[in-house]
Asker: 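Just dropping this structure here.
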Amino acid sequence: MTGDSMRFLMVLAFGLCLSAAGPAAAQDGDTARRLVLAEQYIELTQGPSLQKTLESYFDETFAKSEGPAEQRAWLAENMSDAFEAAIEATFADLTDDVAEIFTLQELEAMVAFFDTPLGRSISDKNFELGLRVQAVMAPHLITALTRLNEKYCTRFECAAPEGAQTGKPAD
């Protein structure tokens, strides 16, 4: 995700809160600060080298696949763009959740850390690790869901999808 692509519109309505005194006003200020820090945290941990990592991952993945080279190259390029768009939308939707889950102090510490060279390096490697986890998990998940479907069909007398008996995913 590039800086240009990582745009969050954050509109906070404080009209009613401005008239409130004491703790309520302080609490709203804390919430606003946490939202800003949440956005910074997501940008620092997901943004800087996302496109490069995605392109490399899909280039490697499709280079190993079958089919004409032109089609594999097209898939690698377009899969990267599609995946990046999905991730951007996901992280935009998660900003409020990040602000809710982490305290102000935690967000400040994470932003301070991930804004360092060491933090950026760890962030880049964590994203790459996440892609590898997905690739490694996929066949295990298919096997587990196939077995679950077989158990379900045994219990409730339904026909398992074609290929379920062999452990292969159905077409």
Asker: With a 3.5 Å distance limit and no angle check, can you tell me whether Arg72 reaches the backbone of Gly67 through a side-chain donor-acceptor pair?
Answerer: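 Here the side-chain-to-backbone pair exists.
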Asker: Taking the side chain from Asn78 and the backbone from Trp74, do they hold a donor-acceptor pair closer than 3.5 Å?
Answerer: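 The answer is yes, because a donor-acceptor pair under 3.5 Å joins these two groups.
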Asker: With no hydrogens and no angle check, is any side-chain donor or acceptor of Ser123 less than 3.5 Å from a backbone partner on Gly119?
Answerer: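 Such a contact is absent between Ser123 side chain and Gly119 backbone.
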Asker: Do Phe114 and Leu118 share a hydrophobic cluster, counting only Ile, Leu, Val, Met, Phe, Trp and Tyr and linking them when any side-chain heavy atoms are less than 4.5 Å apart?
Answerer: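 Linked within one cluster.
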Asker: Starting from Tyr152, walk the hydrophobic network (Ile, Leu, Val, Met, Phe, Trp, Tyr; side-chain heavy atoms closer than 4.5 Å) and list everyone else you reach, by chain and number.
Answerer: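 Members besides Tyr152, by chain and number: Phe156.
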Asker: For residues Leu94 and Ile42, report the shortest heavy-atom separation together with the two atoms involved.
Answerer: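 Scanning both residues, the minimum pair turns out to be C-CD1, 4.3 Å.
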Asker: Working to the nearest 0.5 Å, report the span between CE of Met137 and CD1 of Ile142.
Answerer: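 Between Met137 CE and Ile142 CD1, I get 12.0 Å after rounding to 0.5 Å.
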Asker: Is there a donor-acceptor contact under 3.5 Å from the side chain of Thr90 to the main chain of Ala86?
Answerer: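 Yes; at least one donor-acceptor contact below 3.5 Å.
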Asker: Can you list, pair by pair, the side-chain donor-acceptor contacts under 3.5 Å of residues 102-113, counting residues two or more places apart and other chains?
Answerer:
{"residue": "Thr103", "atom": "OG1", "partner": "Glu106", "partner atom": "N", "Å": "3.0"}
{"residue": "Thr103", "atom": "OG1", "partner": "Glu106", "partner atom": "OE1", "Å": "3.4"}
{"residue": "Glu106", "atom": "OE1", "partner": "Thr103", "partner atom": "N", "Å": "2.8"}

Asker: Of all heavy-atom pairs between Ala38 and Ala99, which one has the smallest distance, and what is that distance?
Answerer: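 Shortest heavy-atom contact: CB-N, 3.7 Å.
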Asker: Any side-chain heavy-atom pair from Glu39 and Glu43 closer than 4.5 angstrom?
Answerer: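 A side-chain contact under 4.5 Å is absent here.
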Asker: What I'd like to find out is whether the side chain of Tyr41 reaches to under 4.5 Å of the side chain of Leu37, using heavy atoms alone.
Answerer: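 A side-chain contact under 4.5 Å is absent here.
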Asker: As an exercise, state the distance from CD of Gln40 to OG1 of Thr95, rounded to the nearest 0.5 Å.
Answerer: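 The OG1 atom of Thr95 is 11.5 Å from CD of Gln40, to the nearest 0.5 Å.
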Asker: Could you give me the CA-CA distance, side-chain angles and deciding distance for Arg120 and Asp124, then say whether salt bridge (charged side-chain N to carboxylate O under 4.0 Å, His left out) is met?
Answerer: CA-CA 6 Å; Arg120 285 188 290 278; Asp124 292 347; over 6 Å; no
Asker: So how far is it from Glu100 CD to Leu35 CG, rounded to the nearest 0.5 Å?
Answerer: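 Glu100 CD to Leu35 CG: 10.0 Å, rounded to 0.5 Å.
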Asker: For a 4.5 angstrom cut-off between non-hydrogen side-chain atoms, does Asn149 reach Leu145?
Answerer: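 SC-SC contact between Asn149 and Leu145 ruled out.
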